[in-house]
Amino acid sequence: MDYKFLIVEKKANGIILLTLNREKSLNALNSEMLKELHRFFSHVEDDVRCIIVTGAGKSFVAGADIGEMANFTASEAYDFAKLGMDTFMEIEKCRVPVIAAVNGFALGGGCEISIACDIRLASTKAKFGQPEVGLGITPGFGGTQRLSRTIGPGYAKELIYTAEIIDAKKALEIGLVNWVYEPEELIDKALEMAEKIVKNAPKAVEYSKQSIINGSQTDIDTAMQIEKTHFGLCFATNDQKEGMKAFLNKGKTEFKGK
């Protein structure tokens with residue numbers, strides 16, 4: 001597929017490096033870019049095993065496009081929020097792990113897209129925040145929901161109510177990111193993590209992701225049922241048979257995803 005605002009690079013072993021590319025606008029999310037992201041994540045090819053999302057230039061995503069939003073009616077704003085939410089849900093529920101390599105500003109929609117990803121790695125130059133209330137609006141792409149699920153309601157409320165922007169060190173401290181690296185290391189470290197992921201059984205990784213995401217949205221008893229179901233499904237795969245056979249024989253296996 002051809003994209004105006006996305007750069008799709010196929011790396012080794014089924015890893016995709018996806019670069020958000022509206023550099024002159026600090027990669028701010030407009031409707032067209034959101035539609036491209038929705039299209040990309042709703043049509044992930046079968047041979048893809050892990051996706052890394054980063055931003056072009058000095059910004060990850062500086063937020064939603066204020067120029068586009070400024071004169072919205074309430075109805076138009078609702079539709080824009082729905083587009084963003086639907087797009088980020090495609091990212092969250094993508095069958096393969098998605099790593100956010102946050103290289104700069106991750107504000108508003110930028111913070112929201114990062115927390116729709118499975119894992120967040122940050123540059124020392126990264127900045128995070130939900131500054132919407134300072135503009136007279138609320139977070140609209142899932143920030144009021146995913147942020148509290150990621151860092152807890154106390155920190156989430158503080159960031160949203162104060163519109164404070166925090167650095168990568170603080171983001172690491174409150175659990176918003178997993179690791180912080182120097183800017184020149186960020187993509188290499190993201191690729192290194194992706195390589196660790198893709199060495200494992202694809203279906204087992206996929207089922208683990210589904211268990212975590214679906215289970216987190218329900219009560220503990222239902223969540224345990226979800227986990228049991230996915231655990232059982234693994235035993236219908238060749239990868240489980242080959243993996244355990246290799247373990248018992250002290251050998252190595254190359255998982256086929258079947």
Side-chain angles (χ1 to χ4, degrees), residues 20 27-29 34 37-38 41 51 53 55 59-64 66 69 74 77-94 97-123 126-180 208-227:
L20 311 176
N27 305 320
L29 298 165
L34 286 168
L37 278 166
H38 191 282
F41 278 99
I51 299 168
V53 180
S59 179
F60 179 67
V61 172
I66 305 298
M69 293 192 296
Y78 177 93
D79 290 341
F80 188 61
K82 184 179 186 303
L83 173 60
M85 287 184 183
D86 290 349
T87 299
F88 291 3
M89 192 62 74
E90 288 290 340
I91 297 173
E92 182 178 287
K93 294 191 173 182
C94 179
V98 183
I99 300 170
V102 182
N103 54 303
F105 292 117
L107 307 178
C111 187
E112 288 169 308
I113 193 173
S114 77
I115 55 178
C117 298
D118 295 287
I119 299 166
R120 285 158 295 287
L121 311 182
S123 157
K127 303 287 185 183
F128 295 85
Q130 299 287 165
E132 287 90 347
V133 296
L135 298 171
I137 60 174
T138 67
F141 294 164
T144 63
Q145 305 306 308
R146 286 196 184 94
L147 194 59
S148 61
R149 287 167 166 80
T150 302
I151 61 175
Y155 280 128
K157 289 173 182 177
E158 179 181 344
L159 285 178
I160 292 170
Y161 297 172
T162 66
E164 181 183 3
I165 294 172
I166 61 173
D167 60 18
K169 181 180 178 181
K170 181 66 174 179
L172 181 64
E173 179 185 320
I174 65 176
L176 184 54
V177 302
N178 298 66
W179 300 95
V180 177
S208 294
K209 176 171 179 173
Q210 289 177 11
S211 290
I212 292 168
I213 291 173
N214 294 335
S216 68
Q217 307 299 319
T218 187
D219 63 272
I220 188 66
D221 291 331
T222 304
M224 291 300 185
Q225 183 61 48
I226 291 169
E227 180 171 307

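- With sequence neighbours excluded, the residues forming a salt bridge (charged side-chain N to carboxylate O under 4.0 Å, His left out) with Glu92 are Arg146, listed by chain and number.
- The minimum heavy-atom distance between Phe41 and Ile51, with the atom names listed, is CE2-CD1, 3.8 Å.
- Contacts classified as salt bridge (charged side-chain N to carboxylate O under 4.0 Å, His left out) and involving residues 152-179 (residues at least two apart or in different chains) are given here: Lys170-Glu173.
- Side-chain contact between Ile166 and Ile174 is present, with heavy atoms from C-beta onward closer than 4.5 Å.
- Between the side chain of Ser148 and the main chain of Gln145, a donor-acceptor pair closer than 3.5 Å is present.
- Val53 is not listed as a side-chain neighbour of Ile91, based on a closest heavy-atom distance of 4.5 Å or more.
- Of the possible donor and acceptor atoms, one in the side chain of Asn27 sits under 3.5 Å from a partner among the backbone N and O of Ser59.
- At least one side-chain heavy atom of Glu112 sits under 4.5 Å from a side-chain heavy atom of Pro139.
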Begin with the C-alpha distance, continue with both residues' side-chain angles, and end with the deciding distance and a verdict on side-chain contact (heavy atoms from CB on, under 4.5 Å) for Phe105 and Ile165. CA-CA 9 Å; Phe105 292 117; Ile165 294 172; 5.8 Å; no

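- Of the possible polar contacts, one joining the Arg120 side chain to the Leu176 backbone as a donor-acceptor pair under 3.5 Å is found.
- In this structure, Asp118 contributes its side chain and Val98 its backbone to a donor-acceptor pair below 3.5 Å.
- Counting heavy atoms from C-beta outward, Leu147 and Ile160 have side chains that approach closer than 4.5 Å.
- Using a 4.5 Å cut-off on side-chain heavy atoms (C-beta onward), Leu34 and Phe80 make contact.
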List the steps, then state whether side-chain contact (heavy atoms from CB on, under 4.5 Å) holds for Ile115 with Ile151. CA-CA 10 Å; Ile115 55 178; Ile151 61 175; over 6 Å; no

Residues Ile113, Leu20; criterion side-chain contact (heavy atoms from CB on, under 4.5 Å); working and verdict: CA-CA 11 Å; Ile113 193 173; Leu20 311 176; 4.2 Å; yes

